[in-house]
Amino acid sequence: MPDQDLRWLDELNPAQREAVTHGEGPLLIIAGAGTGKTRTLAYRVAHLISRGVPPDRILLLTFTRRAAEEMLSRAGAVVGKLGPVRERAWGGTFHSVANRLLRTYAGAVGLSPEFTVLDQADAENLIGLVRHDLGLASRDKRFPRRATCLGIYSRVVNGSEELPDVLARYFPWVAPWEEELRTLFRRYVERKQKLNVLDFDDLLLYWREMLAVPDLARRLSGLFDHILVDEYQDTNRVQAAILRGMRTGNSNVTAVGDDAQSIYSFRAATVRNILDFPRDFPGTRIVTLEENYRSTMPILATANALIAQAHERYTKNLWSRRPGGAKPLLVTCPDEGSQDAYVVERVLALYEEGIPLRRQAVLFRAAHHSASLEVELARRGIPFHKYGGLRFLETAHVKDALAFLRVVENPRDELAWFRVLGLFDGVGPATVSRALAHVAEGGYDPRAIATSPGPPAAREELARLGRLLSELGEGLPVAAQVERVRRFYEPYVERLYDYPQARIRDLESLEQIASGYRSRRSFLAELQLDPPSSTSDLAGPPHKDDDWLVLSTIHSAKGCEWDAVYVIHAADGFLPSDLAAGSPEELEEELRLTYVALTRAKDHLVVTWPVRYHYRRRELAGAHGYAQPSRFFTEEVRGTMDRVVAEGVRPSAEGAPREERTGYVDLATRIRARWDRA
DNA sequence: ACTAATGTCCTTTTT
DNA sequence: GGACATTAGT
C-alpha cells in the first residue's frame, strides 16, 4: 500500500476506515445523517483507484448528478488525479447511466439510438393523448386525470407490482377502471415505441430488460470492476434488479444508505432494498456509521427524540462530539406574516454574526409553502435561490424552444411537433396529425414540414420552419442551434406572453447552457435527466461576492447541510402534509422527512409554525383558520427545545391582507362557505 | 377547424 | 388557482 494511502486513512474513524478499505465482495454501509457518508464513499473510490482499479471501471450511482460529481472530484483530490477520476469514472443517477448505456447498446435491443427522453410533463401529455383517443375522457363517471394515470402506470412499473394490487392499495377510488387502464397503458407503451421516445421509467425498464439477456448481462456487467450506490434506501425494485443484474461477473458492490432517511416511497422506493441487500448479495459485510460530525449535541438530541417515534427503525441514535451550542428553537408565530418576519430577522442576525446567507437554509414540505416568504425577501432586497418546485425546464417557453431541437433529433417525436406547430395561428390537433403523416411519407425528413398541408394562414410559417429545421440539421454547434431557434421563436414569445423579456432571457441562458454540450443529442437527453435545479445553475460561474439565502423543499435538501436551518410551517396539515396523513405508512414517511429536515442543521436549528393561517381556496378566501403544531413535536421532543412566541406583525395599511383591514369579513365568509360546500 | 369562454373538481414530494 | 372537459362563438 502506498504511503499516501496510509495518510488519508488517518483522517477517518475506525468504522469509516473499515468501509473505505474493504476489499472484494459486497459491502453495505449504514450511514446515519451527517456521519461522513460522502467522505467515506469518496475515499473508497480513491482507495480503489490507489489499489490499481482503473477509474473508468468504477460506477458510482447517486441520487443527483451533482452528488456524483462532488464525490468523484473529492476522490480525485485524494489520489491527486483530479482530471482523470472525474472525467473517466462513470457517475450519475440510475436514469442518466441508463441513458448512456442505452445509446450505446440500443442496436442490440432493437431500439433506435436517436430516441428522445420524455420528462414527466411530456409523459403526462402523451398518456393524455392516448386517454383522449380511447374516448376515456368523456364518460359519465369521471376517468382519472392524466397525471393520475401516469402515476398508476409508474407505480406498477417501478414497484414491479400487478395493476390490481396497485389499484387496491394506492388508488382504491379508481378500481372500477381497471380494464380501461390496462388498455390505456398498453396503448401508451405502443405509442411511445412508435414515437421512438422513452419516459423516465423506460430508462430503468430497458436497462433491466437488457440484463435479462444473458449475453448482454455479461457485457454490461463486465464494464465495471466496482459499483457503488448512494442513497440506497431511496431506490425502487427495478433499480435493485438492475444492481443485481450488473453484478454477474463479481460481487464488488457497495451500497450506502440510512433507512431513517427514506423519503421517496411515493416514487416506489422501498426500504426493503436496503434490508434485503445482505440476502441479495451473500457474504455482505455490514458497516455502521454512527458518529455524527455535522450537528451539535442539542440538535441531535431533538432529532433523536423525534425519530424515536418511528415504529420501524434499524439505525441507532446518533451521537456527536460537539457538545456546545444552544437548544433548537420551537417558535410559535401568530400568523404567516410574523413567521416570515421572524425568519428574516434571525437570518439577518446570524448574517451579522458572520454566517453568510448561503450557509443558511429555509426548508419546507411543499414548494408553495415559501410563497409569502419569497415576497418578503424580495421586498427587503435579500437575495435567495429556491430549489425544488417549478423548474426552469418546465416553463412553457423553454419547452417550446427545446421542441424545435427535438423534432430535428427525432422526427417521430409527435409531442415535440405538437409544441412547435401549435405556435402557429389556426393550427390545432387536426393539422398536426396531417403534418406528421406528411413528414412520415417523406421518410421522416423534418424538412418536409415546409410542404405540409395546413391552413393558408400558416403556409408561410411552415416554409420558414422548414428552412430553420434544415439549418439545425447541418451540424452547427448546439449553442448556435439554440440561437437560431431563439431568433425564430422570439416573436412568438412576444405575442404569447405578457412579460416576454424575462422569458427571452431564459432562452439566452439556455444558449449558455448549450455551449457546454458536444452534441444536440446529449444536450437534450442530459437536460431532461439532470435539469438545472435552481436559477443559480443558470447564471454561469457565481461571483465570489455573490451570497444568497437557500430556500428548498425538504426533499431537495437531502444530502445537504447548512450552519443554520429554519424549518417553516411545522403545523399539522403542512408537516405532515394532510395529503399524506391517510395511512400509518405515509405518516411514518412524513416523520422521516421531518427528521431529514432537522438533521441538515450544523449549529442553529429553528422550527416555526404559524397559529393562524389564511384560506387560499376561493370560496373561503379572506377567512382564516387555526393550526395545531405538528404532531411530531411531542412533549418529549419539545422538552429538547427552547420555546419562543414570536411577536405579531402590525399590518401596514398597504401590505395588509384584505381580511385584516375589514375585520369581520371572515365570519360572513365562513357562514357562506358552510353552504357552499353542500 | 380552431379558439374562447364556462363550469367542475382537486390542490405534495422528483428522476 | 390550475387542470380538464364541455359548449358557444369565430
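Every chain is numbered from 1, with letters handed out A, B, ... down the list of sequences. Bear in mind the structure is a predicted one, so any value in this text is a computation, not a measurement.
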A.B. asks: For Y264(A) and dT12(B), what is the distance between atoms OH and C1' respectively, to the nearest whole Å?
C.D. replies: 12 Å

A.B. asks: dT14(B), dT11(B), dA3(C): which one has an atom nearest the side-chain heavy atoms of R146(A)?
C.D. replies: dA3(C)

A.B. asks: Need to verify one output field. Residue with the more 5' nearest nucleotide on DNA chain B, F424(A) or L593(A)?
C.D. replies: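 On the 5' side of the pair lies F424(A).
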
A.B. asks: Scan T431(A) against the nucleic acid and name what it touches under 4.0 Å (heavy atoms): base, sugar-phosphate only, or nothing.
C.D. replies: sugar-phosphate

A.B. asks: Classify R131(A) by what it touches in the nucleic acid, base, sugar-phosphate, or nothing, heavy-atom distance under 4.0 Å.
C.D. replies: sugar-phosphate

A.B. asks: Answer yes or no on whether R100(A) is positioned over the face of W90(A), meaning its NZ or CZ is under 6.0 Å from the six-membered ring centre and within 45° of the axis.
C.D. replies: yes

A.B. asks: Given dC2(B), dT15(B), dT13(B), identify the nucleotide with an atom nearest to the side chain of T93(A).
C.D. replies: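 Among the listed nucleotides, the one closest to the side chain of T93(A) is dT15(B).
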
A.B. asks: So, using ring pair (Phe, Tyr, Trp, His ring centres under 6.0 Å) as the criterion, who are the partners of H369(A) when residues are at least two apart?
C.D. replies: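 For H369(A) the ring pair (Phe, Tyr, Trp, His ring centres under 6.0 Å) partners, ignoring immediate neighbours, are H569(A), F574(A).
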
A.B. asks: Give a yes/no verdict on a cation-pi contact between R131(A) and F143(A), requiring under 6.0 Å between NZ or CZ and the six-membered ring centre and an angle within 45° of the axis.
C.D. replies: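 Cation-pi check for R131(A) and F143(A): fails.
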
A.B. asks: At 4.0 Å (heavy atoms only), tell me whether R365(A) reaches a base, stays on the sugar-phosphate, or touches nothing.
C.D. replies: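 Base contact - R365(A) has a heavy atom under 4.0 Å of at least one base atom.
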
A.B. asks: Quick one: L205(A) CG to dT15(B) C1', roughly how many Å, whole number?
C.D. replies: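 That distance rounds to 15 Å.
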
A.B. asks: Measure from CD on Q239(A) to C1' on dT15(B) and round the result to the nearest Å.
C.D. replies: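 Those two atoms, CD and C1', are 8 Å apart.
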
A.B. asks: Look at the side-chain N and O atoms of S556(A) and state whether any lies under 4.0 Å from the OP1 or OP2 oxygen of dT13(B).
C.D. replies: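 Answer no for this pair, as no side-chain N or O of S556(A) is under 4.0 Å from OP1 or OP2.
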
A.B. asks: Going by distance alone, is a donor N or O of one side chain under 3.5 Å from an acceptor N or O of the other, for S522(A) and E526(A)?
C.D. replies: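 S522(A) vs E526(A): no donor-acceptor pair found between side chains.
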
A.B. asks: Measure from the side chain of H95(A), starting at C-beta and using heavy atoms only, and say which of dA3(C), dT15(B), dT13(B) lies closest.
C.D. replies: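 That would be dT15(B).
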
A.B. asks: Considering heavy-atom distances to DNA chain B, does S96(A) or E590(A) have its closest nucleotide positioned more toward the 5' end?
C.D. replies: E590(A)

A.B. asks: Looking at residues at least two apart in the chain, or sitting in another chain, which of them share a ring pair (Phe, Tyr, Trp, His ring centres under 6.0 Å) with F200(A)?
C.D. replies: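 Applying ring pair (Phe, Tyr, Trp, His ring centres under 6.0 Å) to F200(A) gives H95(A).
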
A.B. asks: Between dT14(B) atom P and I554(A) atom CD1, what is the distance in whole Å?
C.D. replies: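 Rounded to the whole Å, the gap is 11 Å.
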
A.B. asks: Please report, rounded to the nearest Å, how far the C1' atom of dT12(B) is from the OH atom of Y170(A).
C.D. replies: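 Rounded to whole Å, this separation is 17 Å.
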
A.B. asks: dT14(B), OP1 or OP2 - any side-chain N/O from T553(A) closer than 4.0 Å?
C.D. replies: yes

A.B. asks: Between P on dA5(C) and NE2 on H132(A), what's the gap in Å once rounded to a whole number?
C.D. replies: 7 Å

A.B. asks: What's the closest nucleotide to the side chain of F200(A) if the choices are dC4(C), dT13(B), dT15(B)?
C.D. replies: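 Of dC4(C), dT13(B), dT15(B), dT15(B) is nearest to the side chain of F200(A).
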
A.B. asks: For Q120(A) and dT12(B), give me the distance from atom CD to atom P, rounded to whole Å.
C.D. replies: 12 Å

A.B. asks: Give a yes/no answer on whether the side chain of R267(A) brings an N or O atom under 4.0 Å of OP1 or OP2 in dT13(B).
C.D. replies: no

A.B. asks: Would you please determine if the base of dT14(B) is stacked by F266(A), with stacking meaning a centroid separation under 5.5 angstrom and planes under 30 degrees?
C.D. replies: no

A.B. asks: Within 45° of the axis and under 6.0 Å from the centre of the six-membered ring of F115(A), does NZ or CZ of R103(A) qualify?
C.D. replies: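 Yes; both conditions hold, so R103(A) lies above the ring face of F115(A).
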
A.B. asks: For R66(A) and dT14(B), give me the distance from atom CZ to atom P, rounded to whole Å.
C.D. replies: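 Distance check: R66(A) CZ to dT14(B) P gives 13 Å.
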
